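This report refers to the structure that appears directly beneath it.
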Amino acid sequence: MSQFIAAEEFRAVKTPAILLQARERSAQRLMMAYAIAGLFFMVLPGTFLGVWNLISISAHQGAAIPRAWIQAHGYAQIFGWIGTFIMGIGFYSIPKMTGRKANAAFSGWIAWWFWTAGALLRWGSGVYQWHWRTLLPLSALFELVAFAIFFVTVKHHPAPTHKGHNRLPVWIVSVLIGTAGFATGLLMNLAGTIYVSLKGNIPALPASFDSRFLALLAYGFIVPTIWGFSARWLPVFLGLGPVAERNLKLALLLIIAGVILAQLGLFQLAPWFIAVAAVLSIAAFHLFKPAERAAKTAGVHRSFPAFVRVAYLWLLIAATLGICAAYLDHANGWTGASRHALTVGFISTMVFAIGQRVLPAFAGMRVLYSPRLMLTCLLLLNLGCALRVSSEILAYEGYWAPAWNALPWSAVCELSAVTVFAANLLLTFKQPPAHE
């Protein structure tokens with residue numbers, strides 16, 4: 001009888017542990033599915049199409065290519081790559097922070113289907129223009145449904161508060177602002193695609209609408225989200241002091257003001273608010289002050305902290321070029337350079353650096369396949385970005401015609417960088433988890 005009771009007690013203890021392990025493996029598979037989908041959109045619809053566009057432009061020294069192709073490239077990068085990564089990380093965190101573990105995984109797979117289908121339809125309708133009047137708004141609807149599933153699942157997560165206080169940590173506030181920007185962008189995208197499908201001649205948003213749309217996505221969605229992750233992870237990873245919350249909150253207020261001004265068409269005023277916000281964010285993270293502790297670089301390349309700082313320098317460059325564009329741009333050279341400094345210099349460098357630090361851990365405490373490949377892709381990315389930003393201004397604005405010859409090389413560098421980054425992560429996911 002005593003042996004029977006002992007066996008029952010053993011099963012009672014073992015069964016929850018087995019369930020927890022199964023749920024954790026399910027969450028890891030879900031996160032890797034989002035990561036792999038994001039890598040697909042980054043390399044093929046995103047970067048490869050962008051390289052093709054740039055080579056065509058350079059060969060004809062500024063000759064126009066279909067606006068729908070340009071928007072399909074940018075859309076694949078912002079929603080197909082960055083948006084997919086963010087949703088995957090969000091769904092992975094739910095099983096660790098709430099009791100609704102099984103529902104989070106199930107909801108995550110449904111959202112993954114809608115999201116990837118929507119992103120593929122958006123890219124395909126822009127490039128191939130097959131039944132685009134139907135598929136363009138349908139793609140936006142699919143993505144909005146995926147986000148709604150994501151939001152309904154995430155809202156069950158009990159947000160942590162400061163000890164002894166009811167207020168949220170600043171990193172949570174920043175991520176929530178980014179989430180609100182994400183939702184607003186998807187609603188704006190749905191409205192824009194419906195308008196184009198009814199009134200437009202091509203599957204592309206009008207130029208004035210697109211400028212406002214990109215400002216919202218860049219500075220209302222992606223940048224606040226990265227600031228939130230930075231506030232959460234950089235003090236630990238880089239050994240920095242505690243985040244200066246007042247500076248970061250002020251930066252968030254200013255960047256929201258900049259986005260609102262851009263939506264109102266005040267494009268000469270908005271960049272000043274964004275530039276001040278960028279300076280305040282760097283001050284909030286103490287990025288260029290001596291570290292208080294040694295950086296945690298185990299498993300990644302030791303240059304990891306340097307590239308995080310380089311990314312924030314690109315943010316400053318993007319903001320400065322945005323101010324110049326408001327007064328000097330005549331042929332989209334300054335504007336394009338500012339956008340590229342932000343999307344590739346800041347956003348992509350942060351994803352390449354932080355992503356190779358955290359995604360292997362989220363995928364079952366795997367070890368990054370190659371720190372040397374990590375260094376290689378970061379060097380290629382920043383070399384390509386420097387070539388693109390400098391030559392784009394010189395070429396597009398007509399300051400120096402030979403700069404057209406540098407643009408294809410910048411594209412080749414960046415395509416090589418994203419290919420190496422994708423290969424390093426895929427080889428990492430192929431390895432067995434550390435506990436095995």
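Please read these numbers as outputs of a predicted model, since none were measured by experiment. Computation of the quantities below employed the complete heavy-atom set of this structure, encompassing side-chain atoms and omitting hydrogens, waters and symmetry-equivalent molecules.
- For the pair Val308 and Met350, the tightest heavy-atom approach, listed with the atom from each and the gap, is CG1-SD, 4.1 Å.
- Atom-to-atom distance recorded for Trp314:CH2 and Leu381:CG is 9.0 Å, nearest 0.5 angstrom.
- Less than 6.0 angstrom separates the ring centroid of Trp115 from the ring centroid of Phe182.
- For the pair Arg339 and Leu342, the minimum side-chain heavy-atom distance is 4.5 Å or more.
- Side-chain N or O atoms of Ser338 include one that pairs as donor or acceptor with a backbone N or O of Ala318 at under 3.5 Å.
- In this structure, Ser174 contributes its side chain and Pro224 its backbone to a donor-acceptor pair below 3.5 Å.
- In this view, Phe114 and Phe142 satisfy the ring pair (Phe, Tyr, Trp, His ring centres under 6.0 Å) rule, not counting sequence neighbours.
- If you take OG on Ser107 and CZ on Phe91, they are separated by 6.5 Å, rounding to the nearest 0.5 Å.
- For Arg293, the CZ atom is densely surrounded, since the number of other residues' heavy atoms within 6.0 Å is greater than 12.
- A distance of 8.0 Å separates CD in Glu414 from OG in Ser348, rounded to the nearest 0.5 Å.
- The shortest heavy-atom contact between Ser211 and Phe267 is CB-CZ, 4.2 Å.
- Applying the side chain to side chain donor-acceptor pair (under 3.5 Å) rule to Ser303 yields the partners His301; only residues at least two apart in sequence or on another chain are considered.
- Summarising the local packing, CH2 of Trp272 is surrounded by 12 or fewer heavy atoms from other residues, nucleotides or ligands at distances under 6.0 Å.
- Looking at Arg388 and Val344, their side chains never come closer than 4.5 Å, going by heavy atoms from C-beta outward.
- Two residues are said to be in side-chain contact when any heavy atoms from C-beta on lie closer than 4.5 Å; Thr297 and Val300 meet this criterion.
- Although no hydrogens or angles enter the test, the distance criterion places no donor-acceptor pair under 3.5 Å between the side chain of His340 and the main chain of Gly345.
- Tyr369 places no side-chain N or O within 3.5 Å of a backbone atom of Ala423 that could act as its donor or acceptor partner.
- Taking each heavy atom of Ala68 and Pro203 in turn, the nearest pair found is CB-O, 3.7 Å.
- Formation of a donor-acceptor pair under 3.5 Å by the Arg366 side chain with backbone atoms of Leu359 is not found in this model.
- Between Phe346 and Tyr312, the gap from one ring centroid to the other is short of 6.0 Å.
- Here CD1 of Ile323 is found 11.5 Å from CH2 of Trp334. Values are rounded to the nearest 0.5 Å.
- Heavy-atom minimum distance, Phe362 versus Gln28: O-CG, 3.5 Å.
- Side-chain atoms of Phe304 and Gln356, non-hydrogen and from C-beta on, never get closer than 4.5 Å to each other.
- Side-chain contact check for Asn424 versus Thr376: every heavy-atom pair is 4.5 Å or farther apart.
- Val358 places none of its side-chain heavy atoms less than 4.5 Å from the side chain of Tyr92.
- Here Thr349 pairs with nothing under the side chain to side chain donor-acceptor pair (under 3.5 Å) rule; sequence neighbours left out.
- Cation-pi geometry between Arg122 and Phe79 is not satisfied (NZ or CZ under 6.0 Å from the ring centre, within 45° of the ring normal).
- Between Asp210 atom CG and Arg212 atom CZ the span is 11.0 Å, to the nearest 0.5 Å.
- With rounding to the nearest 0.5 angstrom, the CD1 atom of Ile82 is 6.5 Å from the CD1 atom of Ile347.
- In terms of heavy atoms, Arg133 sits closest to Ser197 at NH1-O, 2.9 Å.
- Side chains of Phe273 and Ile256 form no contact here, defined as non-hydrogen atoms less than 4.5 Å apart.
- A donor-acceptor pair under 3.5 Å is absent between the side-chain atoms of Thr335 and the main chain of Asn332, judged by distance alone.
- A donor-acceptor pair under 3.5 Å links the side-chain atoms of Glu397 to the main chain of Gly333, judged by distance alone.
- Here the side chains of Lys296 and Arg357 are in contact, with some heavy-atom distance below 4.5 Å.
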